Amino acid sequence: MNHHVTHLESALDGTRFPADQVHTMHQGRPLWVRYDLDQIRARVCPQDFARRPPSLWRYRELLPLPFEVEPISLGEGSTPLLACPRLGRELGLKRLFIKDEAQLPTGSFKSRGMTVAVSMAHYLGLRRLAAPTAGNAGGALAAYGARAGMEVFVFMPEDTPIINQMEAWLCGARVFLVNGLITDCGKIVREGIARLGWFDVSTLKEPYRLEGKKTMGLELAEQMDWQLPDVIFYPTGGGTGLIGMWKAFQELHQLGWLQAPHMPRLVSCQSDGCAPIVRAFEAGERFAEPFANAHTVASGLRVPAAVGDFMMLDAIRASGGWARTGREERIVAWMRRVAQAEGITICPETAVCFDTLEALLAEGKVNTDETIVVFNTGAAQKYPEAVPLSLPRLDRTQPIDYEALVQ
Ligand SMILES: *Cc1c(COP(=O)(O)O)cnc(C)c1O
């Protein structure tokens, strides 16, 4: 086949599997996709990417889809890396950036994973897909599934943001609300495989969403001229974003494409309402216990148990970073503060990152002259329920007191 994948490999014990077949997990744990990096190095150089259309598919050599196969795409462009001088000044940081993933199709970085996973599923002949979702993954799956003409089943907790329910339904998915958590939805999907023959596209239960998320790391490196920042703040739920980025950095390092050998410290940010990875990190464990009574308005972080827990914890530790909680009760304040300072409307998940950033700065774990990148993984506009509003009203039948408007 015309791609550079050599094989797939169990993240747990290294067992190898051939490319070009349908794969799920090995012993209940995820698989890595491995590439012939020597062959890739011989075929392309970093400068080639700049000459291609600004889509994540420009990294085609580092993705699993055969070159002659057309991807299932919604025009997922590269997302801007926005300097945040005003907010940086407020926080005492010289080089603060937000990578704004909210500008992707369906308003979150989930589209990166889904364009690759749905393209691979379609290429491998699968026609019926299912996934549990805390919100954005369901919307993205439904959109790419519709684009591919595939049948999609989505199971979401009944308190999933209404926009996610709507987008999945509009895209023709069969959407079901479950009185439980994403793990309960996951169980329904798992047990339905034998009955309805759908393919489970849950986070890390198939190998290719991770490859799509990896492009965040590739794109960041390209935007920073093939150097990496000092610290990356990333809101982690299932973990594909963090793990995918770390995989990207390892591949770039092995390709010899990085200007400096220096790797960023990864900070995995979770809400104190659902923090299984933080708890395992602090306890020095490689696997995380399920987090009881998980509760957060940052629905993407409402993941009490993740099959990729050890992959996240390995990456965080290898990078010299941390897993830390941000305060649930500060989410709305941070959403407003960031938007007010920079005009970037961040999702509640990213608000948690800013609370974590402030704490690590105060502890001296992050220095004021370091280059800091915070990922805005989704659009604030997808979370109307998270932001309570009480705006002043004007009565058009009465004279307006203009001086009072500027109070
Ligand atoms: C899914 C999601 C996350 C968590 O991402 P993982 O890669 O699953 O850890 C964070 N933010 C938003 C907006 C999400 O939709």
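As the structure lists them, so they are numbered: ligands from 1, and atoms in each ligand from 1. What you see is a predicted model, and the numbers here were worked out from it, not measured in a lab.
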Any side-chain heavy-atom pair from E289 and R279 closer than 4.5 angstrom? yes

Take the angle between the ring planes of W334 and F354 and call it parallel below 30°, perpendicular above 60°, tilted in between. parallel

If the plane angle is over 60° it's perpendicular, under 30° parallel, otherwise tilted; pick one for F153 and F176. parallel

Between the side chains of K187 and D184, is the shortest nitrogen-to-carboxylate-oxygen separation below 4.0 Å, so that they form an ion pair? no

Check ligand 1 for N or O atoms under 3.5 Å from a protein N or O and list each pair with its distance.
{"residue": "ligand 1", "atom": "7 (O)", "partner": "T240", "partner atom": "N", "Å": "3.2"}
{"residue": "ligand 1", "atom": "7 (O)", "partner": "T240", "partner atom": "OG1", "Å": "3.0"}
{"residue": "ligand 1", "atom": "7 (O)", "partner": "G241", "partner atom": "N", "Å": "2.8"}
{"residue": "ligand 1", "atom": "8 (O)", "partner": "G238", "partner atom": "N", "Å": "3.1"}
{"residue": "ligand 1", "atom": "8 (O)", "partner": "G239", "partner atom": "N", "Å": "3.3"}
{"residue": "ligand 1", "atom": "9 (O)", "partner": "G237", "partner atom": "N", "Å": "2.7"}
{"residue": "ligand 1", "atom": "9 (O)", "partner": "G238", "partner atom": "N", "Å": "3.3"}
{"residue": "ligand 1", "atom": "9 (O)", "partner": "G239", "partner atom": "N", "Å": "2.7"}
{"residue": "ligand 1", "atom": "11 (N)", "partner": "T377", "partner atom": "OG1", "Å": "2.7"}
{"residue": "ligand 1", "atom": "15 (O)", "partner": "K110", "partner atom": "NZ", "Å": "2.8"}
{"residue": "ligand 1", "atom": "15 (O)", "partner": "N136", "partner atom": "ND2", "Å": "2.9"}

Report the residues that fulfil ring pair (Phe, Tyr, Trp, His ring centres under 6.0 Å) with W32, sequence neighbours left out, ordered by chain and then residue number. none

Step through it carefully: locate the ring centre of F49, locate the ring centre of W257, and say whether they are under 6.0 Å apart. yes

